[in-house]
Amino acid sequence: MRSWIMALLSLATAGALAQTSVVALWPDGLPKLAAPAKPQARPQAGPERLEGERIGNVTEPTLTVYPASYDRPAGTAVIICPGGGYEFLSFTREGHQYAQWLSNLGVTAFVLKSRLSGYGHPAPLQDVLRAVRLVRSQAAKYGVAPDRIGVMGSSAGGHLAASASTLYDNPAGRAGDALDAVSARPDFAMLMYPVISMEAPVTHQGSRNALLGATPPQQLVELMSVQKQVTSSTPPTLLIHSQDDDVVPAENSIQYFQALTRAHVPAELYIFEHGGHGMAMRAGQGNASDWPRRAEEWLRARKLIVQ
């Protein structure tokens with residue numbers, strides 16, 4: 001039953017958990033939201049909520065840092081965006097476990113804790129672009145190359161990672177400080193069963209409502225339907241989805257892959273027959289449980305990890 005996955009996670013946990021550190025994204029205070037999509041939204045009062053492996057009510061965005069395995073550093077970084085419909089963050093299954101896997105491959109991983117529905121757009125975009133800029137500006141500190149910084153996201157986190165890949169120069173993602181001068185363009189992306197479109201019938205309505213509100217203007221819907229924002233400058237992308245995903249239809253990944261192809265952006269798409277939604281790194285999902293091997297092959301082929 002995919003014992004290699006469990007062995008890998010155990011090995012990674014032993015090497016990474018003790019070394020993690022947490023970095024504040026906005027140590028001087030959150031940036032102003034000049035034109036929020038949800039002007040009625042207000043951060044919920046009270047502390048951050050932890051329910052099982054889920055985190056909600058994020059008001060202090062952070063990066064949890066997992067250094068690369070000391071015996072095989074590749075000089076590559078990945079910023080991980082957990083899923084959760086922009087309502088919560090699946091911080092363990094789609095955050096820490098991915099980070100442990102990447103660390104064992106020699107990749108320095110950063111799990112992003114971003115703002116959610118209490119803020120709405122553009123707060124999550126500000127957070128992910130800030131994360132890219134911060135890691136790039138401190139690449140030497142983390143032992144990574146400034147041109148080997150990628151993003152990875154699952155479900156709504158996949159939408160956020162794809163937003164970083166396409167809207168990295170969008171004015172709404174800027175904070176109005178000196179770090180805005182640092183490029184926020186990721187060098188590559190790995191998208192797991194991502195929400196891509198904000199348009200019916202393929203969108204995940206819960207993610208759309210949480211990010212944009214119940215009645216967003218059409219111009220904003222089109223902007224955040226990120227398949228429409230792909231250009232030749234969008235970074236190389238790996239997409240993983242399941243045909244039987246009844247939460248976020250595989251059409252999301254297909255539309256993004258088609259847009260990448262039209263723009264001549266290097267891309268690979270795997271759609272497994274079984275796996276459902278939220279497969280993360282679980283065993284017992286048929287061929288879908290082998291996706292980490294396909295991702296490792298992709299990273300290796302792009303020379304982002306070494307032997």
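The model shown is predicted, which means the values in this text are computed figures rather than measured ones.
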*Asks:* According to a 4.5 Å side-chain heavy-atom criterion applied to Ile, Leu, Val, Met, Phe, Trp and Tyr, with indirect links allowed, do Ile240 and Leu105 form part of one hydrophobic cluster?
*Replies:* yes

*Asks:* In terms of hydrophobic clusters joined by side-chain contacts under 4.5 Å, are Val22 and Leu102 together?
*Replies:*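 Different clusters: Val22 never reaches Leu102 through Ile, Leu, Val, Met, Phe, Trp or Tyr contacts under 4.5 Å.
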
*Asks:* Angle between ring planes, Phe272 versus Tyr270, binned at 30° and 60°: parallel, tilted or perpendicular?
*Replies:*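 The rings of Phe272 and Tyr270 lie parallel, inter-plane angle below 30°.
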
*Asks:* First locate atom CE of Met279, then atom CH2 of Trp291, and finally report the distance between them rounded to the nearest 0.5 Å.
*Replies:* 8.5 Å

*Asks:* Would you compute the distance between atom CD of Gln255 and atom CG of Leu260 and round it to the nearest 0.5 angstrom?
*Replies:* 12.0 Å

*Asks:* Can you tell if the side chain of Glu53 reaches within under 4.5 Å of the side chain of Ser90, non-hydrogen atoms only?
*Replies:* yes

*Asks:* Can you run down the ring-ring contact (aromatic ring centres under 6.0 Å, His included) pairs that involve residues 198-219, sequence neighbours left out, and say none if there aren't any?
*Replies:*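 Those involving residues 198-219 do not exist here.
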
*Asks:* Cut-off 3.5 Å, no hydrogens considered: what does the side-chain donor-acceptor table look like for residues 145-152, sequence neighbours left out?
*Replies:*
{"residue": "Arg148", "atom": "NE", "partner": "Gly75", "partner atom": "O", "Å": "3.4"}
{"residue": "Arg148", "atom": "NE", "partner": "Thr76", "partner atom": "OG1", "Å": "3.1"}
{"residue": "Arg148", "atom": "NH1", "partner": "Lys303", "partner atom": "O", "Å": "3.1"}
{"residue": "Arg148", "atom": "NH2", "partner": "Ala74", "partner atom": "O", "Å": "3.0"}
{"residue": "Arg148", "atom": "NH2", "partner": "Thr76", "partner atom": "OG1", "Å": "3.0"}
{"residue": "Arg148", "atom": "NH2", "partner": "Lys303", "partner atom": "O", "Å": "3.0"}
{"residue": "Arg148", "atom": "NH2", "partner": "Leu304", "partner atom": "O", "Å": "3.4"}

*Asks:* Before accepting this row, confirm whether a basic side-chain N of the pair Glu297/Arg294 lies closer than 4.0 Å to the acidic partner's carboxylate O.
*Replies:* yes

*Asks:* Is it true that a side-chain atom of Thr261 and a backbone atom of Phe257 form a donor plus acceptor pair closer than 3.5 Å?
*Replies:*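 Indeed, once roles are kept as given, a pair shorter than 3.5 Å links the two residues.
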
*Asks:* Could I get the full list of side chain to side chain donor-acceptor pair (under 3.5 Å) partners for Glu60, not counting sequence neighbours?
*Replies:*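 Counting only residues at least two positions away or on another chain, Glu60 forms no side chain to side chain donor-acceptor pair (under 3.5 Å).
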
*Asks:* Would a distance-only check, ignoring hydrogens and angles, find a side-chain to backbone donor-acceptor pair under 3.5 Å from Ser242 to Asp244?
*Replies:*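 Flag not set: sc Ser242 to bb Asp244 has no pair under 3.5 Å.
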
*Asks:* side-chain contact (heavy atoms from CB on, under 4.5 Å) between His121 and Met224: does it pass, once the steps are laid out?
*Replies:* CA-CA 9 Å; His121 176 77; Met224 300 310 293; 3.6 Å; yes

*Asks:* Answer yes if the side chains of Gln205 and Asn209 hold a donor-acceptor pair under 3.5 Å, and no otherwise.
*Replies:*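 Distance-only check passes for Gln205 and Asn209.
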
*Asks:* Restricting to pairs with a member in residues 169-189, which pass side chain to side chain donor-acceptor pair (under 3.5 Å), not counting sequence neighbours?
*Replies:*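 The answer is Arg130-Asp177, Arg136-Asp187.
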
*Asks:* Please, which pairs that meet salt bridge (charged side-chain N to carboxylate O under 4.0 Å, His left out) have at least one residue in residues 190-213, sequence neighbours excluded?
*Replies:* Glu199-Lys228

*Asks:* With Ser253, which residues qualify under side chain to side chain donor-acceptor pair (under 3.5 Å), at least two apart?
*Replies:* His241

*Asks:* Do Phe88 and Leu160 share a hydrophobic cluster, counting only Ile, Leu, Val, Met, Phe, Trp and Tyr and linking them when any side-chain heavy atoms are less than 4.5 Å apart?
*Replies:*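 Phe88 and Leu160: separate clusters.
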
*Asks:* Considering only residues two or more places apart or on different chains, which pairs with a residue in residues 173-194 satisfy ring-ring contact (aromatic ring centres under 6.0 Å, His included)?
*Replies:*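 Listed once each, the pairs are Tyr193-His277.
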
*Asks:* Looking only at non-hydrogen atoms, find the nearest pair between Leu220 and Leu212 and report the distance.
*Replies:*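 In this case the closest contact between Leu220 and Leu212 is CD2-CD2, 3.8 Å.
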
*Asks:* Taking only residues two or more places apart in sequence or in another chain, which ones pass side chain to side chain donor-acceptor pair (under 3.5 Å) with Tyr256?
*Replies:*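 None.
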
*Asks:* Could you label the plane-to-plane angle of the His96 and Tyr66 rings as parallel, tilted or perpendicular, counting under 30° as parallel and over 60° as perpendicular?
*Replies:*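 It falls in the tilted class, 30° to 60°.
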
*Asks:* Test Leu239 against Glu268 for side-chain contact (heavy atoms from CB on, under 4.5 Å), laying out the working first.
*Replies:* CA-CA 6 Å; Leu239 295 128; Glu268 288 189 15; over 6 Å; no

*Asks:* How close do Val248 and Ser155 get, heavy atom to heavy atom, and via which atoms?
*Replies:*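 For Val248 versus Ser155, the nearest heavy atoms are CG2-OG, 4.1 Å.
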
*Asks:* Return each pair, listed once, that meets salt bridge (charged side-chain N to carboxylate O under 4.0 Å, His left out) where at least one residue sits in residues 119-129; pairs must be two or more places apart or across chains.
*Replies:*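 Of all non-adjacent pairs touching residues 119-129, those that pass salt bridge (charged side-chain N to carboxylate O under 4.0 Å, His left out) are Arg115-Asp127.
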
*Asks:* Got a donor-acceptor contact below 3.5 angstrom from the Ser207 side chain to the Thr203 backbone?
*Replies:*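 Pair absent, no side-chain N/O of Ser207 close to backbone of Thr203.
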
*Asks:* Looking at every non-hydrogen atom in both residues, tell me the closest pair between Ala210 and Gly85 and how far apart they are.
*Replies:* CB-O, 3.4 Å

*Asks:* Please report the closest heavy-atom contact between Pro67 and Ser103, naming both atoms and the distance.
*Replies:* O-OG, 2.7 Å

*Asks:* Does Val135 reach the side chain of Ile79, with side-chain heavy atoms less than 4.5 Å apart?
*Replies:*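 The answer is yes, as the side chains (C-beta and beyond) meet within the 4.5 Å cut-off.
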
*Asks:* Would a single hydrophobic cluster contain both Val23 and Val128, if residues Ile, Leu, Val, Met, Phe, Trp and Tyr are joined by side-chain heavy-atom contacts under 4.5 Å?
*Replies:*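 They do share one cluster, since a chain of ILVMFWY contacts under 4.5 Å joins Val128 to Val23.
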
*Asks:* Taking the side chain as C-beta and beyond, is there a heavy-atom pair between His274 and Gln285 under 4.5 Å?
*Replies:* no

*Asks:* Identify, with sequence neighbours excluded, every residue that meets ring-ring contact (aromatic ring centres under 6.0 Å, His included) alongside Phe110.
*Replies:*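 With sequence neighbours excluded, Phe110 shows a ring-ring contact (aromatic ring centres under 6.0 Å, His included) to Tyr142, given in chain and number order.
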
*Asks:* Report the distance from atom CZ of Arg302 to atom CG of Leu238, rounding to the nearest 0.5 Å.
*Replies:* 10.0 Å

*Asks:* Under a 3.5 Å cutoff, is there a donor and acceptor pairing between the side chains of Gln97 and Thr92?
*Replies:*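 On atom types as modelled, these side chains do not qualify, holding no pair under 3.5 Å.
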
*Asks:* Once side-chain contact (heavy atoms from CB on, under 4.5 Å) is applied, do any residues pair with Gln229, and if so which ones, sequence neighbours excluded?
*Replies:* Thr166, Leu167, Leu223

*Asks:* Is the count of non-hydrogen atoms from other residues, nucleotides or ligands lying under 6.0 Å from Gln219 atom CD greater than 12?
*Replies:*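 Counting other residues, nucleotides and ligands, CD of Gln219 stays at 12 neighbours or fewer.
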
*Asks:* Keeping to residues at least two apart or across chains, list the ring-ring contact (aromatic ring centres under 6.0 Å, His included) pairs with something in residues 217-236.
*Replies:*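 Output for this query is empty, none listed.
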
*Asks:* Would you kindly say whether Tyr86 and Ser114 are connected by a side-chain donor-acceptor distance under 3.5 Å?
*Replies:*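 Their side chains do not contain a donor-acceptor pair, so the 3.5 Å distance test is not met.
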
*Asks:* Within the structure provided, determine whether Arg93 and Arg282 are in side-chain contact (heavy-atom separation under 4.5 Å).
*Replies:*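 Counting from C-beta outward, Arg93 and Arg282 do come under 4.5 Å.
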
*Asks:* About how many Å separate CG of Leu134 and CH2 of Trp26, when rounded to the nearest 0.5 Å?
*Replies:*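 Answer for the CH2-CG pair, Trp26 versus Leu134, is 9.5 Å.
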
*Asks:* Counting C-beta onward and ignoring hydrogens, is there a side-chain heavy-atom pair between Leu25 and Leu30 closer than 4.5 Å?
*Replies:*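 Side chain of Leu25 against side chain of Leu30, heavy atoms only: no contact under 4.5 Å found.
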
*Asks:* Within a strict 4.5 Å, meaning less than it, do heavy atoms of the Leu89 and Lys113 side chains meet?
*Replies:* yes

*Asks:* Got a second to check how far Arg300's CZ is from Arg293's CZ, nearest 0.5 Å?
*Replies:* 12.0 Å

*Asks:* Should Glu87 and Ser117 count as side-chain neighbours, where that means a heavy-atom distance under 4.5 Å?
*Replies:* yes

*Asks:* If we ignore hydrogens and angles and just use 3.5 Å, is the side chain of Asn252 paired with the main-chain N or O of Val195 as donor and acceptor?
*Replies:* no

*Asks:* Give the intermediate values and the outcome of side-chain contact (heavy atoms from CB on, under 4.5 Å) for residues Leu191 and Thr237.
*Replies:* CA-CA 7 Å; Leu191 308 181; Thr237 302; 3.9 Å; yes

*Asks:* Might you point out which heavy atoms bring Ile196 and Gln227 nearest each other, and give the distance in Å?
*Replies:* CG2-OE1, 3.5 Å

*Asks:* Tell me the closest heavy-atom pair linking Pro82 and Gly95, and the distance in Å.
*Replies:*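 Distance-wise, the nearest heavy atoms are CG-CA, 4.2 Å.
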
*Asks:* Within the 4.5 Å heavy-atom criterion, are Asn287 and Glu273 side-chain neighbours or not?
*Replies:*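 Result no, sub-4.5 Å side-chain heavy-atom pair not found.
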
*Asks:* Rounded to the nearest 0.5 Å, how far apart are CD of Gln100 and OG of Ser69?
*Replies:*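 Spacing of CD (Gln100) from OG (Ser69) equals 12.5 Å.
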
*Asks:* Between Leu50 and Val58, is there shared hydrophobic-cluster membership here, with clusters defined by ILVMFWY side-chain heavy atoms closer than 4.5 Å?
*Replies:* yes

